[in-house]
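Order of the sequence lines fixes the chain letters, A, B, ..., with proteins taken first and strands second; residue numbering starts at 1 for each chain.
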Protein chains: 2
Amino acid sequence: MKIAEVSERYAISTDTLRYYERIGLIQAVKRNESGIRDYNELDLRRVEFIKCMRSAGLPVEVLIEYVGLVQRGDQTIEARKEILKEQRELLAARMKEMQKTLDLLDHKIDVYENAVLTKEKGTVQIE
Amino acid sequence: MKIAEVSERYAISTDTLRYYERIGLIQAVKRNESGIRDYNELDLRRVEFIKCMRSAGLPVEVLIEYVGLVQRGDQTIEARKEILKEQRELLAARMKEMQKTLDLLDHKIDVYENAVLTKEKGTVQIE
DNA sequence: GTATCACCTGGAGTTAGCTCCAAGTCAAGG
DNA sequence: CCTTGACTTGGAGCTAACTCCAGGTGATAC
């Protein structure tokens, strides 16, 4: 599969796909005789994984390290697991923060709804 | 309250507090006779609000717009509500993405745990 | 009275993560 | 054969959100 199709399928620009490969976030993709990338199934799974991790905000740097460990084989399994565990905790923490914000937004929206009603009858005062 | 104490209380650097004021994300804080900022209760609540929103990733630009509307008074209530609603939805969407990633991480970690056990007995193969 | 310290300002510098660009190659269509 | 269009590269440019810095002021401690 050529880069354009991969780009389309995962909604990642070709520039970004090439960039990811350049920085070692995606392992070097095999080329055909004329030097054009031809993504195979494994490449696609890797792209999807990276897309998923990036969409949640995991830093590129950490992912590069993880991908590097994957390439070094079995003896890095422990290290990889530790990275995933750490990132999992950081992610959970961020989500908790976001939940607080979501709650506050819901509360504020609610206050605004009432304010609009109240305003129709007279006084309001919101910050 | 002086900027250093505000910085300490909310874990926001004094540089960032001044920066927020410069760009209009926080309304101009009153100064004492010698030009030094003296945050009052309302200022603190505003700082806390901004901190909360920023911690969830709401863009500075959007927050500036919101804060600007607050300053313009009651006739902007509808507009403010719409901003909050939109940001609420975007936030919920991001959290959903993150939940997917969290699930995948949990699954991977689980696979790794098993791999470590299996490895002790012989074969492994994880990507 | 002078050293220290927290504060002030405007502007420059930094970081992460892309995103764009120029210049070049190659395969296919007319 | 020549154009078109998708691909290639290395490197420059961009955006958001800080973060740092130089140079200056004013209050307090010694």
Self-check item: Base C/dG11 to side chain B/R22, donor-acceptor N/O within 3.5 Å cut-off
Solution: yes

Which is true for [X] with a 4.0 Å heavy-atom rule: it touches a base, it touches only sugar-phosphate, or it touches nothing?
{"X": "B/R18", "value": "base"}
{"X": "B/R31", "value": "sugar-phosphate"}
{"X": "B/I23", "value": "nothing"}

Among [options], which nucleotide sits nearest the side chain of [X]?
{"X": "A/I36", "options": "C/dC8, C/dA16, D/dT8", "value": "D/dT8"}
{"X": "A/I3", "options": "D/dC20, D/dC7, C/dT19", "value": "D/dC7"}
{"X": "B/T16", "options": "C/dT19, D/dT19, D/dC7", "value": "D/dT19"}

Find the distance [X]:[atom1] to [N]:[atom2] and express it as a whole number of Å.
{"X": "A/K30", "N": "D/dT8", "atom1": "NZ", "atom2": "C1'", "value": "19 Å"}
{"X": "B/D38", "N": "C/dC8", "atom1": "CG", "atom2": "P", "value": "10 Å"}
{"X": "B/Y39", "N": "C/dC7", "atom1": "OH", "atom2": "C1'", "value": "11 Å"}
{"X": "B/D15", "N": "C/dC8", "atom1": "CG", "atom2": "P", "value": "11 Å"}
{"X": "B/I50", "N": "D/dC18", "atom1": "CD1", "atom2": "P", "value": "11 Å"}
{"X": "B/L63", "N": "D/dC18", "atom1": "CG", "atom2": "C1'", "value": "15 Å"}
{"X": "A/K2", "N": "C/dA27", "atom1": "NZ", "atom2": "P", "value": "10 Å"}
{"X": "B/E33", "N": "C/dA6", "atom1": "CD", "atom2": "P", "value": "19 Å"}

Self-check item: A/R80 vs A/T76, side chain to side chain donor-acceptor pair (under 3.5 Å): CA-CA, chis, key distance, verdict
Solution: CA-CA 6 Å; A/R80 285 186 247 165; A/T76 67; 3.0 Å; yes

For [N], does OP1 or OP2 lie under 4.0 Å from any side-chain N or O of [X]?
{"X": "B/S34", "N": "C/dC7", "answer": "no"}
{"X": "B/Y20", "N": "D/dA17", "answer": "no"}
{"X": "A/R54", "N": "C/dG17", "answer": "yes"}

Practice problem: Classify the side-chain pair B/N32/B/S34 by whether it contains a donor and acceptor separated by less than 3.5 Å. | Solution: yes

Practice problem: Classify the angle between the aromatic ring planes of B/F49 and B/Y66 as parallel (below 30°), tilted (30 to 60°) or perpendicular (above 60°). | Solution: tilted

Practice problem: Answer yes or no: is there a donor N or O on one side and an acceptor on the other, between the side chain of A/T101 and the main chain of B/M53, under 3.5 Å? | Solution: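 Looks like no, no N/O pair under 3.5 Å.
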
Self-check item: Side-chain heavy atoms of B/D110 within contact of B/D106, under 4.5 Å
Solution: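 Not touching, per the 4.5 Å side-chain cut-off.
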
